[in-house]
Structure formats: structure tokens, C-alpha cells
A.B. asks: 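Quick one: the structure is below, questions incoming.
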Amino acid sequence: MNGPQLSELPDDSEQLEPFVSSLRRRALQASELSGVRTFSDGFLIKFLRARDFDVELSLKLLLNYQRWRRESPEISGCLSPSSVLGLLSTSYHAVLPQRDHSGSRVLVYRIGQWNPKDWSAFQVFRISLMTSEIISMETQTQRRGLKAIFDLQGWSLGHAWQINPSLARKISSVLSDSFPLKVRGIHLVNEPMFFRPVFAMIRPFLPDKIKQRIHMHGADFHDTLSDFFSPDILPPEYGGEGPGIEEVCQDWTNQLLQSEKLLQQIAAHPTADIASTPDSSLISEEAQTEQFSQG
Ligand SMILES: Cc1c(C)c2c(c(C)c1O)CC[C@@](C)(CCC[C@H](C)CCC[C@H](C)CCCC(C)C)O2
């Protein structure tokens, strides 16, 4: 059985066991110094699915993930949706309710809603990290990855000044090899000319595979965006017939707020399998059935 076929099996399948044990053994050896003593199956399977069950590559991804978190405490230390509620309330971000034709999650970021005088790039980054942690618990997302649409309408110098080379490095790391999610597409719409220098800071660190998945649509994006996404799932603001952007942002904000405890647990114990622990008081009943038992 090859990697993608293994990915299709459920978490508790016997055939996954040798891979999980092997990654656990390697991870425990490697993290002796960092003091991590337990890795849940669910945690390890995220990394295996992200690397099509290549144990060596999964281990590398796992160690990069831990290092990234350690080196970015300003971002990963506080995974609290309520701490950035003011920003979420401006309809800055949504995960669309429907997956695309290939099963990928579709995320929308509306950069223009971010007022850089009120919110730092670290806080903005935190939102992406929280969403990433939540969707990476979904089996189907582990298999089919995600696509992100960045609406850069309103991008200004105030935004650009927040992105320094160190932050650009952190952005390219999570996109390439520091987070257990398959990035299947990045779509920029309404990007102004002066977004180029910022993109030029991020681009050199990206592997070719990711570079090829970045699409710049400009202001006339309606036609070209629909080459990638069916109108059924896109909000009307992005040329589709799905629910409006304000509504989907509101819904996802509620989802994040419901996951507050869960996210705190992840920030405190990143290697534990929090979503599937018997202690389901961590997350509301509703959110569990909607978000975590799919696929
Ligand atoms: C796991 C994961 C994370 C954590 C993630 C993203 C994706 C696709 C992920 O899979 C995309 C967004 C990002 C990188 C956070 C970005 C935060 C900054 C402050 C936004 C500023 C605006 C960017 C200059 C816009 C363009 C970025 C693209 C070239 C990615 O966080």
C-alpha cells in the first residue's frame, strides 16, 4: 500500500500501527532533550498523513513544528480567540462551510479588515495558527489539505512595515515544512503593485512545489478564481453563489470562540491528542460533531 492509500485508512486501522510506532520511537529519541515524553497516536498521524506516511519526512516535519513553536512564542504562546476578538469581529477571516471539489478546506483572509494600528502582525498570525490547529484535527483535511484566498484590497504601507525578514521567514516556514497541513493552493486577489516587495521577501524561502501553487489574480479575479473554485462554495463577494462573506466570517468566529479551551490545551500540551481524549468537556458537543468527526 502506498502513502496516499494509507492516508485513506481510518486512524484506528491496524495497518497504520507500524508507522505510528516507528515515528513515535524516532520522535522520542530526537526529543529526549526537549523533555517531551508522550506523543498520542492522533498527533503522530497528523504528521504521517501530511507526508504520505514517509516516516523520515514526517519526523522532520514534527521536529520543525516543535522548533517553530519554540522560536515563535509571541505567536504560538497564546492561542486565545477572545484575545483577538476585535479583529475577528471585523470579518477578517473565515473557513468556508463547504470543502472544494477535491475535498480541501477553503480559508479566506481579508487583509484590508486588519488595521495595523490596532493589531500587530503577531496577533494576525495567531488567528491563522488557531484555525490551522483546529482544521488539522479533521481527518479529511489531513488527507486533502487546504487552499487559502488572500484578499489584499486595502493593503497599505502600514501593513508592509509589519512584515520584516524574520516574520517573512516564519510565514514561509509554516507554508513549507513546519506545520502538518498540506497547502494545496494560495490565491491572492486585489493585490496592489506595492505588495510585490513583501512577496519578494517570502518567496525565496519557499520550495518550488509551493511557489507553483501561488496564484496572483489581481483585481479582475472573478473569472480566474472560478477556474479553481466552483461558484457553489464561494461567497458572492468572490464571484460565487454561496453564503455571504460576513456570515461565514461570523460563523467561523463563533467556531473559534467555542474552541477556546481546546486551543489553550494545544498551546499547553502540543503533542497530546486533545480532540479525541475521553474528556470531551474540552469542546462543546456541537463543535465536536460538526468539526471533528468528519471523514
Ligand atoms: C499552517 C498555516 C499557517 C500558520 C498560515 C497560512 C497557511 C496557508 C498555513 O497552512 C497562511 C497564513 C499564515 C502564513 C499567517 C500570515 C500572517 C501574516 C501576518 C499576514 C500578512 C499578510 C501576508 C503577507 C499576505 C500574503 C501571504 C501569502 C504569500 C501566504 O499562516
Side-chain angles (χ1 to χ4, degrees), residues 46-47 49-52 54 56-79 84 92-93 95 104-111 114 116 119-136 141-142 144-152 155-218 228 270:
K46 278 204 274 198
F47 293 87
R49 285 216 178 92
R51 290 296 172 266
D52 289 330
D54 180 316
E56 213 57 48
L57 294 180
S58 307
L59 176 70
K60 187 163 163 263
L61 176 61
L62 192 157
L63 297 175
N64 286 346
Y65 170 79
Q66 291 187 322
R67 173 155 22 95
W68 193 95
R69 291 180 59 117
R70 202 169 52 240
E71 290 174 357
S72 316
E74 335 79 340
I75 303 167
S76 68
C78 167
L79 295 182
V84 284
Y92 162 72
H93 170 54
V95 174
S104 299
R105 272 292 189 198
V106 182
L107 282 56
V108 180
Y109 292 99
R110 296 160 82 216
I111 301 294
W114 163 30
W119 303 97
S120 74
F122 290 142
Q123 291 169 312
V124 174
F125 210 131
R126 235 182 252 167
I127 294 182
S128 295
L129 201 60
M130 293 189 278
T131 288
S132 302
E133 287 291 356
I134 290 175
I135 65 171
S136 72
T141 306
Q142 293 171 5
R144 309 276 185 265
L146 70 90
K147 288 168 187 160
I149 300 171
F150 286 86
D151 184 349
L152 291 160
W155 179 265
S156 67
L157 276 177
H159 295 103
W161 275 323
Q162 300 250 357
I163 317 292
N164 59 32
S166 146
L167 196 77
R169 264 316 254 277
K170 290 186 196 294
I171 294 175
S172 45
S173 300
V174 286
L175 294 180
S176 42
D177 205 21
S178 301
F179 199 94
L181 272 176
K182 295 178 171 186
V183 179
R184 286 274 160 85
I186 304 265
H187 296 266
L188 307 181
V189 305
N190 291 321
E191 73 282 10
M193 276 296 275
F194 52 100
F195 178 69
R196 300 258 157 188
V198 169
F199 187 55
M201 262 196 292
I202 302 170
R203 211 181 119 87
F205 304 116
L206 295 173
D208 286 342
K209 194 162 115 179
I210 301 288
K211 274 184 203 154
Q212 285 157 11
R213 293 178 184 171
I214 300 184
H215 305 269
M216 308 261 203
H217 296 270
F228 296 89

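Residue numbers run from 1 in the order of the sequence given.
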A.B. asks: I'd like to check Leu59 versus Phe47 (side-chain heavy atoms, cut-off strictly below 4.5 Å). Are they in contact?
C.D. replies: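 Of all side-chain heavy-atom pairs linking Phe47 with Leu59, none is under 4.5 Å.
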A.B. asks: What are the two closest non-hydrogen atoms of Pro116 and His159, and how far apart are they?
C.D. replies: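 Here Pro116 and His159 meet closest at CD-NE2, 3.5 Å.
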A.B. asks: Can you list the steps and then say if Phe199 with Trp155 is a ring pair (Phe, Tyr, Trp, His ring centres under 6.0 Å)?
C.D. replies: CA-CA 12 Å; Phe199 187 55; Trp155 179 265; over 10 Å; no
A.B. asks: Which atom names give the shortest non-hydrogen contact between Val95 and Arg105, and what distance separates them?
C.D. replies: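 Reported closest heavy-atom pair: CG1-CD, 3.8 Å.
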A.B. asks: Kindly give the heavy-atom pair with the smallest separation between Leu79 and Glu133, and that separation in Å.
C.D. replies: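 Answer, listing the atom of Leu79 first, then Glu133: CD1-CG, 4.4 Å.
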A.B. asks: Treating Arg184 as the side-chain partner and Ser104 as the backbone partner, does any N or O pair qualify as donor plus acceptor under 3.5 Å?
C.D. replies: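 No, because the side chain of Arg184 does not come within donor-acceptor range (under 3.5 Å) of the backbone of Ser104.
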A.B. asks: Less than 4.5 Å apart, side chain to side chain, heavy atoms only: is that true for Val108 and His93?
C.D. replies: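 Not in contact.
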A.B. asks: Spell out, as yes or no, whether a donor-acceptor pair under 3.5 Å connects the side chain of Ser172 to the backbone of Ala168.
C.D. replies: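 Such a contact is found between Ser172 side chain and Ala168 backbone.
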A.B. asks: Under a 4.5 Å cut-off applied to non-hydrogen side-chain atoms, are Pro180 and Leu61 in contact?
C.D. replies: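 When only atoms from C-beta onward are counted, Leu61 and Pro180 do touch, with a gap below 4.5 Å.
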A.B. asks: Any ion pair linking Glu74 and Arg69 (charged N to carboxylate O, less than 4.0 Å)?
C.D. replies: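 Looking at Glu74 together with Arg69, the answer is no, because their closest N to O distance does not fall below 4.0 Å.
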A.B. asks: Any chance you could measure His217, atom NE2, to Asn190, atom CG, to the nearest 0.5 Å?
C.D. replies: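 The distance works out to 11.0 Å.
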A.B. asks: State, with a plain yes or no, whether a side-chain heavy atom of Arg213 is found less than 4.5 Å away from one of Val183.
C.D. replies: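 Side-chain contact under 4.5 Å: no.
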A.B. asks: Under 30°, 30 to 60°, or over 60°: which ring-plane class applies to Phe228 and His215, parallel, tilted or perpendicular?
C.D. replies: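 Judged by the thresholds at 30° and 60°, the geometry between Phe228 and His215 is tilted.
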A.B. asks: Tell me whether Asp208 is salt-bridged to Lys211, with the criterion being a basic N under 4.0 Å from an acidic carboxylate O.
C.D. replies: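 A salt bridge links Asp208 with Lys211.
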A.B. asks: To the nearest 0.5 Å, what is the distance between CG on Leu152 and CE on Met216?
C.D. replies: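 If we round to the nearest 0.5 Å, Leu152:CG and Met216:CE are 9.0 Å apart.
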A.B. asks: Take Leu129 and Trp68, measure what side-chain contact (heavy atoms from CB on, under 4.5 Å) needs, and give me the verdict at the end.
C.D. replies: CA-CA 12 Å; Leu129 201 60; Trp68 193 95; 3.9 Å; yes
A.B. asks: Would you call Asp177 and Arg51 a salt bridge, using N to O less than 4.0 angstrom?
C.D. replies: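 Salt bridge flag = yes for Arg51 with Asp177.
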A.B. asks: With rounding to the nearest 0.5 Å, note down the distance linking OG in Ser176 to CD1 in Ile171.
C.D. replies: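 Separation between the atoms: 11.5 Å.
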A.B. asks: Decide ring pair (Phe, Tyr, Trp, His ring centres under 6.0 Å) for Tyr92 and Trp114; before the verdict, give the C-alpha distance in whole Å, the side-chain angles of both, and the deciding distance to 0.1 Å.
C.D. replies: CA-CA 7 Å; Tyr92 162 72; Trp114 163 30; 7.2 Å; no
A.B. asks: Does the side-chain contact (heavy atoms from CB on, under 4.5 Å) test come out yes or no for Leu107 and Ile149, once each step is laid out?
C.D. replies: CA-CA 6 Å; Leu107 282 56; Ile149 300 171; over 6 Å; no
A.B. asks: Taking all atoms of both residues into account, what is the closest heavy-atom pair of Met201 and Asn164, and its distance?
C.D. replies: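 Answer, listing the atom of Met201 first, then Asn164: SD-C, 3.9 Å.
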A.B. asks: At what distance, to the nearest 0.5 angstrom, does CD1 of Ile135 lie from CG of Leu181?
C.D. replies: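 Output value for this atom pair is 5.0 Å.
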A.B. asks: Are any non-hydrogen side-chain atoms of Leu206 and Leu175 less than 4.5 angstrom apart?
C.D. replies: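 The answer is yes; the side chains approach within 4.5 Å.
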A.B. asks: Walk me through whether Trp119 and Val84 qualify under side-chain contact (heavy atoms from CB on, under 4.5 Å).
C.D. replies: CA-CA 8 Å; Trp119 303 97; Val84 284; 4.2 Å; yes
A.B. asks: Taking Gln123's backbone N and O only, do any of them form a donor-acceptor pair with Ser120's side chain (distance below 3.5 Å, no angle check)?
C.D. replies: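 Looks like yes, one N/O pair under 3.5 Å.
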A.B. asks: Drop me the distance from Ile202's CD1 to Lys170's NZ, to the nearest 0.5 angstrom.
C.D. replies: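 It is 13.5 Å, given to the nearest 0.5 Å.
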A.B. asks: For the pair Phe179 and Tyr65, name the ring-plane relationship: parallel under 30°, tilted 30 to 60°, perpendicular over 60°.
C.D. replies: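 Answer is perpendicular, since the angle exceeds 60°.
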A.B. asks: Could you grab the distance from atom NZ of Lys46 to atom OG of Ser58, nearest 0.5 Å is fine?
C.D. replies: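 Interatomic distance, Lys46 NZ to Ser58 OG, rounded to 0.5 Å: 13.5 Å.
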A.B. asks: Determine, step by step, whether Val174 and Phe125 satisfy the side-chain contact (heavy atoms from CB on, under 4.5 Å) criterion, reporting the C-alpha distance in whole Å, the side-chain angles of both residues, the deciding distance to 0.1 Å, and the verdict.
C.D. replies: CA-CA 11 Å; Val174 286; Phe125 210 131; 3.9 Å; yes
A.B. asks: Report the C-alpha separation of Lys182 and Asp52 in whole Å, then their side-chain angles, then the decisive distance to 0.1 Å, and conclude whether the salt bridge (Lys or Arg N to Asp or Glu O under 4.0 Å) test is met.
C.D. replies: CA-CA 10 Å; Lys182 295 178 171 186; Asp52 289 330; 3.0 Å; yes
A.B. asks: What's the shortest heavy-atom distance between Ser156 and Phe194, and which atoms?
C.D. replies: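 The answer is CA-CE1, 3.8 Å.
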